[in-house]
Amino acid sequence: MKLLRLDLIQKTGIIAVFLPVLRLFEDFLSLIYPPLCLCCNETLPYAERFLCLECRLLLPATGHHLLPDNELLQKFAARAPIISAAALYYFTPNGRAQQLVHQIKYKGQWEAAEEIGRMYGEQLKRSPSFQDIDVIVPVPMHYKKQRLRGFNQAECFAKGLAEVMNVKMNTTALQKIRKTESQTKKNRLERLQNQEETFALLNPDALRGKHILIADDVVTTGSTLEACAEAVYKKFPDAKISLVALAATKH
């Protein structure tokens with residue numbers, strides 16, 4: 001159990017000499033409160049992080065990065081000229097991927113999103129479909145919502161991807177300029193209407209002429225990613241855009 005985020009401690013000016021003590025304290029707490037698997041809630045064996053071996057094996061991988069014309073890309077085929085698209089896991093009601101996303105978004109497990117991003121980045125950097133990515137842009141969260149939650153899970157996922165794929169991440173070019181209602185119980189049409197004029201490209205020069213990989217946590221209807229792509233296309237009609245997500249519903 002982590003009671004303190006060491007990166008925040010560093011940013012707030014606590015002397016670095018205390019960091020080893022804090023790490024030892026966290027290790028001590030882990031003996032009393034052992035870390036649990038984010039999917040099955042079972043105690044993790046020593047040296048395993050976030051997911052137990054069984055859940056790592058049973059999480060429903062899509063294999064999208066091995067299939068250039070996969071079902072996720074087909075979902076956007078008639079809606080936007082997307083170059084490539086891939087999600088790591090299939091998202092099903094009450095499934096392991098849903099549990100994982102829930103833990104990340106609502107239980108503050110932002111480090112897990114980064115770790116999964118690094119894991120998927122290893123797969124994407126070997127995929128011919130994602131070889132020429134220039135910049136990764138996470139789906140932005142409205143600043144009020146991000147301030148309340150404390151982090152943007154899509155940004156954490158994108159950070160892990162960028163680290164392993166050795167490309168830059170840009171969190172300022174694309175912004176969410178209108179706060180929207182929750183998408184959870186909306187149908188596709190309602191989701192599209194909810195996302196209209198929601199995103200804007202505020203720093204277009206940062207993305208000019210680049211192959212942009214837009215990253216999100218979950219794709220259901222695809223309305224959020226579609227709205228992000230449209231915001232880029234308004235400035236650059238010939239932009240090269242690809243999409244990636246931690247999880248996606250089946251087509």
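Scope of the values below: all heavy atoms of this structure, side chains included, with no hydrogens, waters or symmetry mates. For reference, positions follow the sequence shown, starting with 1.
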Which heavy atom in [X] sits nearest to a heavy atom in [Y], and how many Å separate them?
X	Y	answer
F91	A247	CB-CB, 4.0 Å
R208	D205	NH2-OD1, 2.6 Å
V167	D134	CB-O, 4.0 Å
C55	R96	SG-NE, 3.5 Å
F157	A215	CD2-CB, 4.4 Å
F130	A86	CZ-CB, 3.7 Å

Enter the distance from [X]:[atom1] to [Y]:[atom2] here, rounded to the nearest 0.5 Å.
X	Y	atom1	atom2	value
S223	R79	OG	CZ	7.5 Å
L161	K159	CG	NZ	12.5 Å
R118	E163	CZ	CD	5.0 Å
R149	Y106	CZ	OH	5.5 Å
Y89	T62	OH	OG1	10.0 Å
L38	Q99	CG	CD	8.0 Å

Any link between [X] and [Y] through a network of hydrophobic side chains (Ile, Leu, Val, Met, Phe, Trp, Tyr) touching at under 4.5 Å?
X	Y	result
L73	I241	yes
L88	V219	no
L246	V244	yes
L124	L225	no
V135	V164	no

Side chains of [X] and [Y]: closer than 4.5 Å at any heavy-atom pair?
X	Y	result
C228	P140	yes
L202	T172	no
L201	L207	yes
F199	T224	yes
F50	I116	no
L51	L100	yes
Q98	T92	no

Heavy-atom donor-acceptor pair, [X] side chain to [Y] backbone, under 3.5 Å:
X	Y	result
S127	H65	yes
K75	T220	yes
N70	A85	yes
H64	A87	yes
Q175	T171	yes

Output all residues satisfying side-chain contact (heavy atoms from CB on, under 4.5 Å) with A80, sequence neighbours left out; order by chain, then residue number.
->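 A80 satisfies side-chain contact (heavy atoms from CB on, under 4.5 Å) with I82, E230, Y233 only.
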Name all residues meeting the side-chain contact (heavy atoms from CB on, under 4.5 Å) criterion together with Q146; count only those two or more places apart in sequence or in a different chain, and write none if there are none.
-> M141, N152, E155
Could you check L36 against T43 for side-chain contact (heavy atoms from CB on, under 4.5 Å), going step by step and ending with a plain yes or no?
-> CA-CA 4 Å; L36 304 178; T43 301; 3.8 Å; yes
Non-neighbouring partners of S129 that pass side chain to side chain donor-acceptor pair (under 3.5 Å), sequence neighbours left out | none
Take atom CD of E48 as the centre, draw a 6.0 Å sphere, and report whether it contains more than 12 heavy atoms from other residues, nucleotides or ligands.
->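 Enclosed: over 12 neighbouring heavy atoms sit under 6.0 Å from CD of E48.
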Pick one: which of K125, K240, K210 meets salt bridge (Lys or Arg N to Asp or Glu O under 4.0 Å) with D132?
-> K240
The side chain to side chain contact (heavy atoms under 4.5 Å, CB included) partner of L243 among D216, I214, I212 is I214
